[in-house]
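Both ligands and their constituent atoms are indexed starting at 1 by order of listing. All figures in this text were calculated on a predicted structure; none of them were measured in a lab.
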Amino acid sequence: MAAIQLKVSSNKMDNLMNAIKKIEEAAKAGANIAILPESWNTPYGTEYFSKYAEEIPKGMCSNQISIAAKENEIFVVAGSIPEKCGHNIYNTTTVWNQDGQLVAKYRKIHLFDIDIPGGITFKESDTLSPGNEFVTFSNGIAKFGLGICYDVRFTELANIYRQKGCSVLIYPGSFNKTTGPLHWELLHRARAVDTQSFVVGVAPAEDIEASYVSHAHSLIVDPMGIVISQAGKEEEIIYAKLDMEIVKATRCQIPVFDQRRTELYETIQKPS
Ligand SMILES: O=C(O)CCC(=O)C(=O)O
């Protein structure tokens, strides 16, 4: 697996060409699946989303990524781009198989609306609409669950994917300089330990000139919570071989999923 920490500029065509070049590089290095970051065709920011939005799969980015997947015979999880659909814009991930077919489309469920005075204020819901569906896909080796960035904070979503039989959770994301240093690695490791799955976070490279500066540090975490591969701040591809036996062994050795006392949780949650 290759996680592509892409350098994102304000030029959509440059971003697309760069993504295609990196997908080719990942395939040549032997990866069977390549993952792009959140917001890879546009700088991240509510002021950009509508300008860079495209219909899926009609738009140029979908078209070109589909060709890249097919030509390089590689699964591509195409990070996220703003998706235009009627009057709405979504933050959307697409997944393309080795034949260039669209096999999954996930719209970010939990929009990034936070306000940390002196830190960061962001309101995706000013311009984006939330998705309402959990989305999984399989590549013949494992089942994958999809989320985007802020979604990684919600343990419910990750647990639902575990329940659905996923062994790998993928979160294209772009944390910032306030929450990134504190929470980026912690949250991905937490979801890995919660669900006993591989967890992958893929971010744009740091660009200190951008209006929103990505924390970067894309990472791949194993089901025990060990960070098995991590990028720095620059553009970089990180690789890891995901051994599904580790998922099996972790779930067998620490069988928390079977030990849940759901009858108690349900009783406690019920209003009296
Ligand atoms: O949760 C965070 O701190 C950052 C989330 C974010 O940047 C996003 O959802 O795009």
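- Within the structure, salt bridge (Lys or Arg N to Asp or Glu O under 4.0 Å) pairs that include any residue of residues 95-105 comprise Glu83-Lys105 (at least two apart or interchain).
- A salt bridge does not link Glu234 with Lys7: every distance from a Lys NZ or Arg NE/NH1/NH2 to an Asp or Glu carboxylate oxygen is 4.0 Å or more.
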Exercise answer, ligand 1 polar atom pairs (N/O) under 3.5 angstrom:
{"residue": "ligand 1", "atom": "1 (O)", "partner": "Arg153", "partner atom": "NE", "Å": "2.7"}
{"residue": "ligand 1", "atom": "1 (O)", "partner": "Arg153", "partner atom": "NH2", "Å": "3.4"}
{"residue": "ligand 1", "atom": "3 (O)", "partner": "Arg153", "partner atom": "NH2", "Å": "2.8"}
{"residue": "ligand 1", "atom": "3 (O)", "partner": "Thr179", "partner atom": "OG1", "Å": "2.7"}
{"residue": "ligand 1", "atom": "7 (O)", "partner": "Ser174", "partner atom": "O", "Å": "2.9"}
{"residue": "ligand 1", "atom": "7 (O)", "partner": "Tyr212", "partner atom": "OH", "Å": "2.9"}
{"residue": "ligand 1", "atom": "9 (O)", "partner": "Lys108", "partner atom": "NZ", "Å": "2.6"}
{"residue": "ligand 1", "atom": "9 (O)", "partner": "Tyr150", "partner atom": "N", "Å": "3.0"}
{"residue": "ligand 1", "atom": "10 (O)", "partner": "Glu38", "partner atom": "OE1", "Å": "3.1"}
{"residue": "ligand 1", "atom": "10 (O)", "partner": "Glu38", "partner atom": "OE2", "Å": "3.3"}
{"residue": "ligand 1", "atom": "10 (O)", "partner": "Tyr44", "partner atom": "OH", "Å": "2.7"}
{"residue": "ligand 1", "atom": "10 (O)", "partner": "Lys108", "partner atom": "NZ", "Å": "3.2"}

| said: Under the criterion salt bridge (charged side-chain N to carboxylate O under 4.0 Å, His left out), I'd like the reasoning laid out for Glu124 against Lys108: C-alpha separation, chi angles, the key distance, then a yes or no. | reply: CA-CA 11 Å; Glu124 271 192 328; Lys108 188 177 190 174; 3.0 Å; yes
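- Pro57 meets the side chain to side chain contact (heavy atoms under 4.5 Å, CB included) test with Ser62, Trp96, Leu102; sequence neighbours excluded.
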| Yes or no on salt bridge (charged side-chain N to carboxylate O under 4.0 Å, His left out) for Glu24 and Lys22, after CA distance, side-chain angles and deciding distance? | CA-CA 5 Å; Glu24 197 182 316; Lys22 297 291 175 191; over 6 Å; no
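- Listed by chain and residue number, Tyr150, Phe175, Thr179, His183, Leu187 satisfy the side chain to side chain contact (heavy atoms under 4.5 Å, CB included) test with Arg153 (two or more places apart in sequence, or in another chain).
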